[in-house]
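The basis for the numbers below is simple: all heavy atoms, side chains too, and nothing from hydrogens, waters or symmetry mates.
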Amino acid sequence: MRVIHAAPVAIEDLSIRYPNGTQVISGLNIRIEPGSYTLIAGPTGCGKSTLGLCLAGILGFGIPARISGTVSINGRRLDQMERADISRYVATVWQSPEAQMCARTVLDEVRLGLDYRQVPVAQADRRALDALEAVGLAHIDPSRDPLTLSGGEQQRLALAAALVLDAPVLIMDEATSQLDDSAAQQFRHALIDARKRRNLTIIAIDHRPALHLPMADRLMVLDHDGTVALDGPPEQIYTRHAATCRHLGIRVPGTGERYQEYPRYAIASSDDHALATHELGVRVGRARLLTDITWALPPGAIAIVRGPNGAGKSTLLRCLATELKPSTGSITPGPRSRVRAGIGYAPQQGADLFLNATVGAELTAALRRSIRQREVDEDAIGPLLHRAHLDGLAHHHPLRLSGGQRQRLNVASALATSPKILIADEPTSAQDVNGSRAIFDLLTYGASQRVTLLATHDSDVTGTIATHILDIREGQLTGVEEL
């Protein structure tokens, strides 16, 4: 099969409208040169992910939408190509990596696209293993189930599965949100190496620009209505148009002023322990995920669980949420007492697991669980929507929201029960600056009446609202710090 080494991307008079009437892109005209690295930013809900889906040839097929205008890659219009043929031109890494996982093993996940292309087994295995090494996952057992990896490991696995296809265009949508610093470096080096080997065109959609700089040679900022507000070299945009970026909720690297005015929710320490673990251990099969974890937190604590990808952060949170039973040790209060007191849990995948047809119905269901009655006062929904910056969206389907909006709904639903323990895994993923502020508002609301634990790689959370830090590395607690 002929390999396409370089391909320009042309978007001409593109407009996109969803079946509910929402217009997200209007009259967009862009040309992206072969071998370029374009970073696309914009406020939550402005149409960035919609544009990515369109460029990947998915929108209008698996996802209903009315599309006018054209998208061409290497001179060929996507709407005139066979679905299977588009993968020769475009590879993708999406913001929910677990949604991309469809093979039984790590190795099969990477080589699946090569199998569809009938690449010989030995060659496919070699290329897949090389791709795993390139993204820093060579230490992972290739026979392991991809869904048992951490979120950051899954993001790198998705990148390996995309790069192995040797498509000339790579689209990444919030593909770095769950990476620790070391994993981010490996992710970056894999992209640099791929660009050295071939004239790879990269289109990165991301609220956090730091990883993509200085590789990106172009920054395109979308306005709230999906039109292009700013377009040019990143350094020029951030220098000359910093005020516009901040107005749109775009992070400006190196300014150190995103949350200066945001109050710090320091909470006095207490000798009372509202939540504690003693020699907690978790073993799954032959794998030891946590070993002898011991700590105690006072009422009102907002504790950050920090550590590299795969360290055991999510495993600890799942134990506290009673989703996973410890193999050894104990948690105080015990599981029944924690459940009776109320546990609010916003897992990494929670933003894709809504059960109701509207945003309002999702929050109503959560409130019913809290007050144990059938009827819920509609006035109780408004404050939750407002605090989550979801005003006016009560009648929207949750899965029609942007990734950032879904994540805020995920956290708001966990808080609706007025829990004594709130647990959130990567709560600020897919958030612009204003979205992060909404998450902070949610996490700190009523915080003095509970214990809050957050697993995150977001330094803004640590520097803004945390009262304690729990450091975990290789399944062991390496430090507890009170701020």
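At distances below 3.5 Å, at least one donor-acceptor pair connects side-chain atoms of Arg144 with backbone N or O atoms of Thr148. Glu362 places a side-chain N or O within donor-acceptor distance of the main-chain N or O of Asn356, the cut-off being under 3.5 Å. Distance alone, capped at 3.5 Å, places no donor-acceptor pair between the Thr92 side chain and the Ile171 backbone. Looking at Gln431, its side chain does come within 3.5 Å of a backbone N or O of Gly404 through a donor-acceptor pair. Judged by distance alone, the side chain of Arg218 and the main-chain N or O of Asp231 form no donor-acceptor pair under 3.5 Å. At least one donor-acceptor pair closer than 3.5 Å links the side chain of Arg198 to the backbone N or O of Ala167. Although no hydrogens or angles enter the test, the distance criterion places a donor-acceptor pair under 3.5 Å between the side chain of Glu174 and the main chain of His207. Under a 3.5 Å cut-off, the side chain of Arg450 and the backbone N or O of Ile421 do not form any donor-acceptor pair. In terms of modelled atom types and a separation under 3.5 Å, the side chain of Thr227 and the main chain of Asp223 share no donor-acceptor contact. Looking only at distances, no side-chain donor or acceptor of Ser436 sits under 3.5 Å from a matching main-chain atom of Thr428.
Look at Asp166 and Arg127 and you find a salt bridge, because one of the NZ, NE, NH1 or NH2 atoms lies within 4.0 Å of a carboxylate O, short of that distance. Between Asp193 and Arg197, at least one side-chain nitrogen of the basic residue sits less than 4.0 Å from a carboxylate oxygen of the acidic one, meeting the salt-bridge criterion. A salt bridge is defined here as a Lys NZ or Arg NE, NH1 or NH2 lying under 4.0 Å from an Asp or Glu carboxylate O, and Arg306 with Asp180 fails to meet this definition. The pair Arg208-Asp458 meets the salt-bridge criterion, with a side-chain N (NZ, NE, NH1 or NH2) lying under 4.0 Å from an Asp/Glu carboxylate O. Taking the charged nitrogens against the carboxylate oxygens, Arg111 and Asp125 do have a contact shorter than 4.0 Å, which makes a salt bridge. By the 4.0 Å N-to-carboxylate-O rule, Asp173 lies too far from Lys48 to be salt-bridged with it.
Within the model, atoms CG of Asp217 and OG of Ser36 stand 5.5 Å from one another, a figure rounded to the nearest 0.5 Å. Rounding to the nearest 0.5 angstrom, the gap separating the CG atom in Leu213 from the OH atom in Tyr37 is 8.5 Å. The distance from atom NE2 of His389 to atom CD1 of Ile439, rounded to the nearest 0.5 Å, is 9.5 Å. Interatomic distance, CG of Leu159 versus CG of Leu170, reported as 6.5 Å (0.5 Å rounding). Note that the CG atom of Leu78 and the CZ atom of Arg83 stand 7.0 Å from one another [nearest 0.5 Å]. A distance of 7.0 Å separates CG of Leu222 from CG of Leu28, quoted to the nearest 0.5 Å.
Closest approach of Asp432 to Leu248, counting heavy atoms only: OD2-O, 4.4 Å. Between Glu426 and His457, the shortest heavy-atom contact is OE2-CD2, 3.0 Å. In plain terms, the two heavy atoms of Ile304 and Ala466 that are nearest each other are CG1-CB, 3.4 Å. The two atoms that bring Ile140 and Val106 nearest to each other are CG2-CG2, 4.1 Å, heavy atoms only. Minimum heavy-atom separation, Ala447 to Leu443: CB-O, 3.8 Å. Residues Ala394 and Thr358 approach most closely at O-CB, 3.4 Å, considering heavy atoms.
In this structure, the side chains of Leu137 and Val110 stay at 4.5 Å or more apart for every pair of heavy atoms. With contacts defined as side-chain heavy-atom distances shorter than 4.5 Å, the pair Ser143/Leu107 does not qualify. Within the 4.5 Å cutoff, the side chain of Arg31 has no heavy atoms near those of the Ile11 side chain. Using a 4.5 Å heavy-atom threshold, the side chains of Leu149 and Glu109 count as separate. In this structure, Arg246 and Val433 have side chains that are not in contact, with every pair of non-hydrogen atoms separated by 4.5 Å or more. Looking at heavy atoms from C-beta onward, Gln154 lies out of side-chain contact with Gln178 at the 4.5 angstrom threshold.
When only modelled atom types and interatomic distance are considered, Ser177 and Gln155 share a side-chain donor-acceptor pair under 3.5 Å. With hydrogens and angles left out, the side-chain atoms of Ser49 and Gln95 include a donor and acceptor closer than 3.5 Å. Between the side chains of Gln405 and Ser402, at least one donor N or O sits under 3.5 Å from an acceptor N or O. Ser87 and Tyr116 share no donor-acceptor pair across their side chains, judged by distance under 3.5 Å alone. A donor atom on one side chain and an acceptor atom on the other are found under 3.5 Å apart for Asp206 and Thr176.
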**Message:** Assess the residue pair Asp391 and Leu393 against the criterion (side chain to side chain contact (heavy atoms under 4.5 Å, CB included)); give the C-alpha distance rounded to whole Å, side-chain angles, the decisive distance to 0.1 Å, and a yes or no.
**Reply:** CA-CA 6 Å; Asp391 300 274; Leu393 299 176; over 6 Å; no

**Full working for salt bridge (charged side-chain N to carboxylate O under 4.0 Å, His left out) between Asp85 and Arg76** = CA-CA 11 Å; Asp85 201 31; Arg76 296 188 61 186; 3.0 Å; yes

**Request:** For Ile67 and Ser15, run side chain to side chain contact (heavy atoms under 4.5 Å, CB included): C-alpha distance rounded to whole Å, both residues' side-chain angles, the deciding distance at 0.1 Å, then the answer.
**Result:** CA-CA 6 Å; Ile67 304 171; Ser15 295; over 6 Å; no

**Request:** Show your reasoning for whether side chain to side chain contact (heavy atoms under 4.5 Å, CB included) applies to Ser413 and Leu363.
**Result:** CA-CA 6 Å; Ser413 297; Leu363 291 175; 3.7 Å; yes

**Request:** Using the side chain to side chain contact (heavy atoms under 4.5 Å, CB included) rule, take Thr315 and Leu324 through it: C-alpha gap first, then chi angles, then the decisive distance, then the call.
**Result:** CA-CA 8 Å; Thr315 299; Leu324 186 64; 3.7 Å; yes

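Around CZ of Arg104, the count of heavy atoms belonging to other residues, nucleotides or ligands within 6.0 Å does not exceed 12. For Gln80, the CD atom sits in a packed shell: over 12 heavy atoms of surrounding residues, nucleotides or ligands are nearer than 6.0 Å. Counting non-hydrogen atoms of other residues, nucleotides and ligands closer than 6.0 Å to CD of Glu33 gives a total above 12. Enclosure of atom CD in Glu133 is not indicated, since only 12 or fewer non-hydrogen atoms of other residues, nucleotides or ligands lie within 6.0 angstrom. Annotation for His395: atom NE2 does not count as buried by contact number, only 12 or fewer foreign heavy atoms lying within 6.0 Å.
With Tyr445 as the aromatic partner, Arg387 meets the cation-pi criteria of under 6.0 angstrom to the ring centre and within 45 degrees of the ring axis.
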